[in-house]
Amino acid sequence: MTTSDSKPENDKTDTSNPEAGESLDFVRAIIIEDNKTGKFDQRVHTRFPPEPNGYLHIGHAKSICLNFGIGQEFPGGQCNLRFDDTNPTKEEQEYVESIQADVKWLGFDWEDRLYFASDYFDQMYDYAEQLIMAGKAYVCELNAEETRQLRGSLFAEGQDSPHRNRSVEENLDLFRRMRAGEFEDGSRVLRAKIDMKSPNLNMRDPIMYRILTARHHRTGDKWCIYPMYDWAHGLEDSMEGITHSICTLEFENHRPLYDWFLDALGIYHPQQIEFARLNLTYTVMSKRKLLQLVTEKRVNGWDDPRMPTISGMRRRGYSPQAIRNFCKTISVNKFNSTIDIALLDHCLRDDLNKTSPRVMAVLKPLKVIIDNYPDDKIDMLEAINNPEDESAGTRLVPFTKEMYIEQDDFMEDPPKKFFRLAPGREVRLRYAYFVTCTDVVKDENGQVVELHCTYDPETRGGNAPDGRKVKATLHWVSATESVPAEVRLYDHLFTKENPDDVGEDEDFKDSLNPDSLEVLTGCRVEPILKDARVEDRVQFERLGYFCVDKDSTPEHLVFNRTVGLRDMWAKIKKAANPNPNPNPNPNQKKNKKK
RNA sequence: UACCCGAUGGUGUAAUUGGUAACACACAAGUUUUUGGUACUUGCAUUCCAGGUUCGAGUCCUGGUCGGGUAACCA
C-alpha cells in the first residue's frame with residue numbers, strides 16, 4: 001500500500017529552474033525581469049497569507065503552489081506562511097491548525113517563517129501615529145451608514161467627512177483614546193486622508209482602524225482597535241521583506257492604496273501582483289459557501305470527501321503530487337476561467353496510476369460456484385502489485401471453490417459488445433483460471449443470485465496452453481477468504497456545471513446533487529487489505545482508485561472511491577442507450593417547493 | 001454614469017526581439033493489452049470584430065464589441 005502522506009514530503013523533483021527556459025507564467029516572468037534589473041537585489045521572497053476563518057480549498061492550493069513554488073524554484077527564494085488575523089470576530093485557532101496541516105501535506109515548508117499579522121499590531125499602531133503626525137490620517141466620528149453615504153458611489157464623487165481637517169494634536173489624542181478603550185464599538189475610525197473624489201473608491205479616505213471589542217485568538221484582550229486589510233497587508237509584506245506580494249484579481253483596485261500607504265510611510269515597498277482565482281466546474285469555491293454547506297449539514301464537515309477543501313480531498317484519496325501537477329497544468333493568468341473538473345480527474349488518475357498498488361475488490365458481489373473445483377482447496381495465486389512499477393512486487397491471492405464476481409460482469413442475455421461473462425461463455429479470472437458459465441440460478445423474482453461455472457485447471461495463472469483466447473478478464477474475490485468492507489462512492493456535489501449561476505429566487509444549494517454519496521455495504525475485498533491503514537491508496541482493479549477512510553477499523557473496513565477508472569464500456573452502454581431511466585434531477589426540481 | 005483589468009480550438013495553457021499557431025484535457029476513430037485501465041496512432045482553431053503600420057501581425061497602433069472586478073467599520 002502507498003504510505004499515507006501525513007508527513008510533509010519535500011520532494012523538489014518537480015521543481016525546475018524558472019530562469020532556464022521553458023514557458024513562464026506572467027508572475028515568474030515579472031520576477032525574472034526584476035532580477036535582471038536588480039529591483040530587489042536578486043531577492044525573491046513571497047508569502048501565502050490566509051485568513052484563519054475557514055479551511056483551505058483547491059483554489060488556495062493554486063496560490064500555495066504559486067507562492068511556495070516560486071520560493072523553492074528561485075535561487076535563495078523563500079516563502080512565508082502568514083496568518084492574516086486582523087478580524088477577531090471571524091477567526092479561530094481551529095483554522096490556524098488545519099491550514100498549517102494542509103500546507104504541510106501539500107508538500108511545502110515555511111521552515112521557521114511562520115508569522116501572524118497580530119504579531120505586528122504594535123508596529124502597525126506606531127505607523128498609524130506616524131501617518132497622523134504627517135497629517136495623512138484622521139479620526140472620523142461618522143457612523144457606518146454616514147460613512148457609506150459620504151463615500152459616494154461608482155458614479156458619484158464622495159464628500160469630505162466633517163472631521164477631515166482636525167489638528168494633528170486632536171487626531172493623536174482621539175486615536176490614543178480609541179486604543180485605550182474610551183469609545184464604543186463603531187463610534188470612531190481612523191481614516192487615511194487621501195481623496196474623496198477619486199474614481200477609485202478604495203482611495204476615498206479608506207478606514208485604517210475600527211473599534212472592535214472582541215477577544216483575539218492570539219492577542220486576547222490587549223487590543224480593542226483592529227487594523228483593516230488594506231492598511232495592514234502592505235505593512236505585513238513590508239516588515240517581512242516580501243518582494244512579490246501575490247494576490248487575487250479583486251485586489252487590483254486596491255493596489256494604488258497598497259502603494260499609497262507604503263509611500264506615505266516611506267518604508268520598504270514590495271510589488272503587489274494579481275492573478276485570477278481558480279474556478280472549477282461542478283464546484284463552489286468560496287469559503288462562505290463552503291462554510292454554509294458545513295453549518296447546514298449538507299455535507300459531513302469540512303473534510304467531507306465531496307468538498308473541494310484540501311482536507312476533503314486528502315480524505316477522498318487525492319495525492320499531494322496530483323494536486324501539485326494540476327496546479328502546474330492550469331498555470332496562472334490574469335483573466336477568469338473555469339477549469340473542467342475532468343482535468344483534475346486526469347491529473348489524479350495520472351499520478352495514482354503510477355503509484356497505487358492494485359488489489360481486487362468486488363463492490364456488488366455475485367456468487368460463483370466452481371463445480372469442478374475441490375471443496376476445501378485454497379490455491380494461492382501470484383498477482384502483480386503494480387504493472388506500472390515493477391519494484392512494487394507481487395502478492396498471493398487465495399482462490400477457492402466459492403467466489404464472487406461483480407454483478408455488472410455477468411449478463412444472461414448480453415448485447416453484442418458485451419465481452420464479459422454470459423451463459424456458456426468462457427472468460428478469464430485475473431491471475432487465476434479460465435472459467436465457463438454453465439448454469440444460472442435465479443430467485444423467485446427472476447433475479448440472478450448465483451452462477452455455476454467450471455474451470456480449466458490447465459489455465460492456472462491465466463493463460464491457456466493451447467493458445468485459446470478469451471475476450472474478457474474479470475476481477476474476483478474468494479467468497480470464503482475475502483473480507484467484508486463498506487465502500488463509499490462519490491459524485492459531483494452539484495448537478496450544475498456552474499452552481500453559482502443562479503436566478504433571482506434560487507440558491508446555489510438548489511443544485512446540490514442528491515446522489516453525490518452512495519454507500520455500498522456488503523462489498524468484499526482481498527484479505528491483504530485487512531492491514532490497510534487510514535489514507536492508504538489502492539486501485540481496485542477495473543473499478544477505480546480507492547483509499548481507506550478515517551472511519552475504517554480492522555473490524556469494519558471503509559473505503560472511499562477517489563475516482564473511477566476511465567470506463568469505455570460505460571460509454572458504449574450510454575451510446576447504445578442514452579437515457580435508460582430519465583435523470584432524476586429535472587423531476588426533482590419540478591417537485592421542489594420554493 | 002465612472003474607474004481598473006482582460007479576450008488564442010468545446011476546456012485550460014503556449015508561441016525567442018513582429019517570421020509555419022504548439023501542448024494537455026475533453027470528444028471521436030483505431031492499435032496493443034491477463035484491468036473495456038495504462039501506453040501508442042489519427043482527427044478536431046486561420047488567435048473577439050473593424051481598420052491601420054509592415055515583405056510579414058496572435059504579438060505593435062486606433063476604434064469598437066464582449067466578459068470580469070470595484071460602492072463591509074470583511075479579507
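In the text below, chain A, chain B and the rest are named by the order of the sequence lines, each starting its count at 1.
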Q | For A:Phe419, ring pair (Phe, Tyr, Trp, His ring centres under 6.0 Å) partners two or more places apart | A | none
Q: Remember a base hit wins even if backbone is also touched, and classify A:Arg420 as base, sugar-phosphate or nothing at under 4.0 Å, heavy atoms.
A: base
Q) B:rG12 P sits how many Å from A:Ile341 CD1, rounded? A) 14 Å
Q: Could you note down all residue pairs passing salt bridge (Lys or Arg N to Asp or Glu O under 4.0 Å) where residues 192-203 of chain A supplies at least one of them, sequence neighbours left out?
A: none
Q. Pairs in or reaching into residues 85-95 of chain A: which pass salt bridge (Lys or Arg N to Asp or Glu O under 4.0 Å), with residues at least two apart or in two chains?
A. none
Q: Classify the side-chain pair A:Arg47/A:Ser245 by whether it contains a donor and acceptor separated by less than 3.5 Å.
A: yes
Q. Using a cut-off of 4.0 Å on non-hydrogen atoms, how would the nucleic acid contact of A:Phe418 be classed: base, sugar-phosphate, or nothing?
A. base
Q: Could you tell me whether the phosphate oxygens of B:rC5, OP1 or OP2, come under 4.0 Å of any side-chain nitrogen or oxygen in A:Asn333?
A: no
Q: Apply side-chain contact (heavy atoms from CB on, under 4.5 Å) to A:His163 and list each qualifying residue two or more places apart in sequence or on a separate chain.
A: A:Cys140, A:Glu141, A:Leu142, A:Ser161, A:Arg166
Q) Which whole number of Å gives the distance between the P atom of B:rU38 and that of B:rA75? A) 47 Å
Q | Distance test, side-chain N/O of A:Arg542 to OP1/OP2 of B:rG36, below 4.0 Å | A | yes
Q) Which residues pass the ring pair (Phe, Tyr, Trp, His ring centres under 6.0 Å) test with A:Phe540, sequence neighbours left out? A) A:Phe546, A:Phe559
Q: Please measure how far the C1' atom in B:rU46 lies from the corresponding atom in B:rG9, and state the result in whole Å.
A: 11 Å
Q) Which residues pass the side chain to side chain donor-acceptor pair (under 3.5 Å) test with A:Thr213, sequence neighbours left out? A) A:Asp185
Q) Which residue, A:Thr338 or A:Ala156, contacts RNA chain B at a nucleotide closer to its 5' end, judged by nearest heavy atom? A) A:Ala156
Q) Can you name the residues that form a ring pair (Phe, Tyr, Trp, His ring centres under 6.0 Å) with A:Phe275, not counting sequence neighbours? A) none
Q) If you check the A:Ser337 side chain, which of B:rA7, B:rU38, B:rG12 turns out closest? A) B:rG12
Q: Would you write the dot-bracket representation of RNA chain B, where each base gets (, ), [, ], | or . depending on whether it forms a Watson-Crick or G-U pair under 3.5 Å and with which partner?
A: .((((((..((((.....[..)))).(((((.......)))))....(((((..]....))))))))))).....
**Q.** A:Phe546 CZ to B:rG37 P, straight-line distance once rounded to whole Å
**A.** 16 Å
**Q.** Gap in Å between the two P atoms, one belonging to B:rC48 and one to B:rA7, rounded
**A.** 9 Å
Q: List for me each residue that meets side chain to side chain donor-acceptor pair (under 3.5 Å) alongside A:Asp259, sequence neighbours excluded, and say none if there are none.
A: A:His269
Q) Could you state the CD-C1' distance from A:Glu33 to B:rU17, rounded to the nearest angstrom? A) 13 Å
Q: Take the protein atom CG of A:Leu352 and the nucleotide atom P of B:rU35, then report the distance between them rounded to whole Å.
A: 19 Å
Q) How would you label the contact of A:Asp345 with the nucleic acid (heavy atoms, under 4.0 Å): base, sugar-phosphate, or nothing? A) nothing
Q.
Return a single string for nucleotides 26-33 of chain B, one symbol per nucleotide in 5' to 3' order, where B is base contact, S is sugar-phosphate-only contact and - is none, cutoff 4.0 angstrom on heavy atoms.
A. SSS-----
Q.
Tell me the interatomic distance from A:Phe335, atom CZ, to B:rU11, atom C1', rounded to whole angstroms.
A. 12 Å
Q: Could you check whether A:Ile330 gets within reach of a base, just the sugar-phosphate, or nothing at all, counting any heavy atom under 4.0 Å?
A: sugar-phosphate
(Q) Could you tell me how far apart A:Leu24 (CG) and B:rU16 (P) are, to the nearest whole angstrom? (A) 11 Å
Q: Check the pair A:Ser63, A:Asn67 against side chain to side chain donor-acceptor pair (under 3.5 Å), reporting the backbone distance first and the verdict last.
A: CA-CA 6 Å; A:Ser63 175; A:Asn67 280 295; 3.3 Å; yes
(Q) Applying a 4.0 Å non-hydrogen cut-off, can you work out what A:Pro256 is touching in the nucleic acid: base, sugar-phosphate, or nothing? (A) nothing
Q: Write down the distance separating the P atoms in B:rA26 and B:rU17, rounded off to the nearest Å.
A: 33 Å
Q. Which value, in whole Å, describes the distance between the P atoms of nucleotides B:rU59 and B:rU47?
A. 9 Å
Q: Summarise how protein sits on nucleotides 68-75 of chain B as a single string, 5' to 3': B when a protein heavy atom is under 4.0 Å from the base, S for sugar-phosphate-only contact, - for no contact.
A: SBBBSBSB
(Q) If I pick the P atom on B:rC23 and the same atom on B:rU41, what distance separates them, to the nearest angstrom? (A) 11 Å
**Q.** Minimum side-chain heavy-atom gap A:Trp231-A:Pro206 below 4.5 Å
**A.** no
(Q) Run the salt bridge (charged side-chain N to carboxylate O under 4.0 Å, His left out) test against A:Arg215 and tell me which residues pass, sequence neighbours left out. (A) A:Asp221
Q) What is the distance from CZ of A:Phe419 to P of B:rG37, rounded to the nearest Å? A) 10 Å
Q. So, do A:His60 and A:Tyr55 have ring centers that fall under 6.0 Å from each other?
A. no
(Q) Does A:Gln539 reach a base, just sugar-phosphate, or nothing at all? Heavy atoms under 4.0 Å. (A) base
Q: Report the C-alpha separation of A:Tyr229 and A:Asn87 in whole Å, then their side-chain angles, then the decisive distance to 0.1 Å, and conclude whether the side chain to side chain donor-acceptor pair (under 3.5 Å) test is met.
A: CA-CA 9 Å; A:Tyr229 170 86; A:Asn87 184 354; over 6 Å; no
Q) Going by a 90° cut-off around 0, is B:rA72 syn or anti? A) syn
Q) How many Å lie between CG on A:Leu429 and C1' on B:rU35, as a whole number? A) 13 Å
Q. When the P atoms of B:rA24 and B:rA57 are considered, how many whole Å apart are they?
A. 28 Å
Q. How far, in whole Å, is B:rA21 from B:rC61 if one measures between their C1' atoms?
A. 23 Å
